[in-house]
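Remarks on the structure that follows.
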Amino acid sequence: MEGFAVDTNLLLHSTPRRLLCGIALETGQQIHVLPEVHNEVLRGITRVERQRFERRRKEPLAKRSAQEAIAQIRAVEDAATDWYLSELERGDSPLNLASKSEEDVFEIERIASELPELAFQKKRSSESVAGDTLVVAEAVYLDVDLLSTNNLNTINHGLINRWLRDKGWNRPLILDPSQTLERLSSGSVRQCYLWLLAHTMNIIHETDEENHHAFQRALNRLEASGFKQNTNGFESVLWNAKEYYKRDFRFQENLRSAFGLPARQAAYDAEMRLIEAVRRAA
């Protein structure tokens with residue numbers, strides 16, 4: 001399958017989702033939403049957007065009646081779910097829901113049973129396959145180019161990639177977010193840097209200082225979501241892009257260039273649709 005897949009956490013949160021969707025649009029690829037990831041996003045996006053809404057609202061819910069507060073929260077949760085499902089249907093969205101038939105389910109479960117058990121922190125149940133194991137098995141069965149995941153504590157990337165290599169795969173399947181940027185940018189530090197500027201910044205502020213502060217905050221959010229500067233002990237393209245930023249004496253010029261990238265507005269508009277949907281619902 002052309003394109004790449006991402007794990008649940010990278011689709012649940014705005015900053016990594018917007019960056020990866022923007023890069024997919026820039027490179028003409030799709031983000032394949034694996035069936036298990038889809039189910040986890042449906043369960044998780046209500047929690048994430050409810051928490052984001054509660055952080056942003058000025059009037060504490062405690063000041064409202066219990067019935068009013070519950071109704072408002074449910075409306076926000078429904079709006080978040082509706083937004084996600086509508087994005088899957090949009091023709092200009094890079095999100096592509098991968099489907100599976102009953103025959104596929106059998107083959108995916110067979111692959112899951114063969115995956116090295118030590119690669120996963122949680123032991124597999126003999127009765128059902130779910131979570132990390134199912135996500136990886138679906139990625140293998142559907143033959144995606146890469147699966148980007150920040151679940152470094154629950155999935156042993158190296159062990160699974162070595163197992164797949166022994167099965168005949170000629171490329172690593174599972175990459176962490178920094179390695180994902182490395183592959184998608186073909187190792188280009190400047191390209192990665194422009195993507196970061198384009199797809200994490202909302203607006204160009206009037207002053208250089210405001211823009212630097214906004215970009216730093218965006219980088220901090222990315223790092224918190226799993227985009228670490230160093231990958232397996234060596235300097236990643238993300239680390240080098242951040243070093244590029246520290247020495248960038250043409251920051252404002254590069255920021256304007258990044259905002260001119262073809263897919264920048266589309267990725268930004270998708271996130272604005274979510275914010276507006278939640279605002280209307282509340």
Side-chain angles (χ1 to χ4, degrees), residues 10-28 31 45 48-60 76 79-80 83 87 90 92-95 177-178 180-181 184-185 188-229 235-282:
L10 297 176
L11 281 185
L12 281 180
H13 300 281
S14 176
T15 302
R17 179 176 62 227
R18 177 181 163 192
L19 174 63
L20 291 169
C21 284
I23 293 173
L25 290 168
E26 297 287 355
T27 57
I31 295 179
I45 197 168
V48 170
E49 290 307 315
R50 179 182 69 245
Q51 292 172 344
R52 183 159 70 151
F53 168 74
E54 290 175 344
R55 287 195 302 269
R56 287 183 172 186
R57 64 171 291 113
K58 296 179 181 179
E59 177 188 325
V76 167
W83 169 83
E87 289 299 309
R90 290 183 65 93
D92 59 352
S93 171
L95 299 178
S178 294
T180 300
L181 293 184
L184 294 176
S185 67
S188 170
V189 173
R190 177 168 173 79
Q191 182 64 77
C192 180
Y193 178 54
L194 291 177
W195 284 343
L196 291 172
L197 290 172
H199 302 302
T200 66
M201 296 274 287
N202 291 336
I203 61 173
I204 297 179
H205 296 276
E206 291 185 5
T207 69
D208 186 70
E209 182 179 9
E210 288 177 300
N211 287 319
H212 278 292
H213 284 319
F215 189 49
Q216 287 283 6
R217 289 195 299 271
L219 292 178
N220 290 340
R221 289 194 300 270
L222 267 185
E223 187 162 352
S225 65
F227 287 76
K228 303 298 183 183
Q229 292 192 30
E235 296 175 354
S236 68
V237 69
L238 178 59
W239 187 91
N240 285 318
K242 290 180 178 179
E243 290 298 303
Y244 188 108
Y245 164 59
K246 292 177 183 178
R247 303 187 301 270
D248 185 9
F249 298 107
R250 301 168 61 191
F251 175 71
Q252 292 288 88
E253 181 181 337
N254 282 321
L255 181 58
R256 287 191 293 271
S257 296
F259 268 53
L261 290 177
R264 190 253 162 210
Q265 192 64 42
Y268 173 79
D269 287 347
E271 296 301 319
M272 291 303 102
R273 284 192 291 271
L274 172 58
I275 291 173
E276 179 60 22
V278 169
R279 188 194 66 78
R280 289 197 306 267

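Worth knowing before you read on, the calculation uses all heavy atoms, side chains too, and leaves out hydrogens, waters and symmetry mates. This chain uses plain numbering: 1 for the first residue, then up along the sequence.
More than 12 heavy-atom neighbours from other residues, nucleotides or ligands sit within 6.0 angstrom of CD on Gln51.
Ring centers of His212 and Tyr245: under 6.0 Å apart, within the cut-off.
Partners of Glu276 by salt bridge (charged side-chain N to carboxylate O under 4.0 Å, His left out), not counting sequence neighbours, listed by chain and number: Arg279, Arg280.
The shortest heavy-atom contact between Ala282 and Val76 is CB-CG2, 4.1 Å. What you find for Ala241 and Cys192 is that their closest heavy atoms are CB-SG, 4.1 Å. Between Ala277 and Ala79, the shortest heavy-atom distance links the atoms O-CB, 3.6 Å. The minimum heavy-atom distance linking Ala263 with Glu26 is given by the pair N-OE2, 3.2 Å. Counting all heavy atoms, side chain and backbone alike, Val48 lies closest to Leu12 at CG1-O, 3.5 Å.
Side-chain contact between Asn240 and Tyr244: absent, with no pair of heavy atoms (C-beta onward) separated by less than 4.5 Å. Within the 4.5 Å cutoff, the side chain of Thr180 has no heavy atoms near those of the Leu10 side chain. Within the 4.5 Å cutoff, the side chain of Leu197 has heavy atoms near those of the Phe251 side chain. Side-chain contact check for Val237 versus Gln191: every heavy-atom pair is 4.5 Å or farther apart. Within the 4.5 Å cutoff, the side chain of Ile31 has heavy atoms near those of the Cys21 side chain. Contact of the His13 side chain with the Arg221 side chain is not registered, since no non-hydrogen atoms from C-beta on lie closer than 4.5 Å. Contact check for Trp83 versus Val278: no side-chain heavy atoms found under the 4.5 Å cut-off. Within the 4.5 Å cutoff, side-chain heavy atoms of Leu184 are placed close to those of Trp195.
Comment: Arg52 engages Glu49 in a salt bridge, judged by a side-chain N to carboxylate O separation of less than 4.0 angstrom.
Rounding to the nearest 0.5 Å gives a distance of 4.5 Å between CG of Asp248 and CG of Asn254. Interatomic distance, Thr200 OG1 to Asn220 CG, rounded to the nearest 0.5 Å: 11.0 Å. Atoms CD1 and CG, from Ile45 and Leu274 in turn, are 6.0 Å apart once rounded to the nearest 0.5 Å. Distance check: Leu11 CG to Glu87 CD gives 11.5 Å after rounding to the nearest 0.5 Å. Here Arg90 contributes atom CZ and Asp92 contributes atom CG; the two are 4.0 Å apart, rounded to the nearest 0.5 Å. Rounding to the nearest 0.5 Å gives a distance of 11.0 Å between CD1 of Ile23 and CG of Leu194.
In this structure, the side chain of Arg18 engages the main chain of Met201 through a donor-acceptor pair within 3.5 Å.
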